[in-house]
Novice: 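I have a structure here, written as structure tokens, and I will follow up with some questions on it.
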Amino acid sequence: MPNLQKLIDQVPVPAERPEYSGLAVDTDGNVWVSRGPSRDGGPDATDYLVFDRTGTLLGPITLP
């Protein structure tokens, strides 16, 4: 069986990514928009945009 990491390394990384990859609502009614894996926060980090219940952007956040 080929080495899995070698196969993964052969997959090209797209220059563009989708605007978002998931949505979640927290207990306060804030909407968390997952923008996918972080470009700057490390391999296990994810970038989010957080909006309050009125749609006002509270800010970006990167979480591990």
Novice: Among Leu63, Leu23, Thr46, whose side chain to side chain contact (heavy atoms under 4.5 Å, CB included) with Trp32 holds?
Specialist: Leu63
Novice: Does the side chain of Leu58 reach to within under 4.5 Å of the side chain of Asn30, using non-hydrogen atoms?
Specialist: yes
Novice: Where the side chain of Arg53 meets the backbone of Asp28, is there a donor-acceptor pair that is under 3.5 Å apart?
Specialist: yes
Novice: Without hydrogens or angle criteria, can the side chains of Ser34 and Ser21 be said to hold a donor-acceptor pair below 3.5 Å?
Specialist: yes
Novice: Report yes if the side chains of Ile61 and Val50 come closer than 4.5 Å at any heavy-atom pair, otherwise no.
Specialist: yes
Novice: Would you check if Val13 and Val11 make a side-chain contact, meaning some heavy-atom pair closer than 4.5 Å?
Specialist: no
Novice: Could you check whether any side-chain heavy atom of Pro60 comes within less than 4.5 Å of a side-chain heavy atom of Leu49, counting everything from C-beta outward?
Specialist: yes
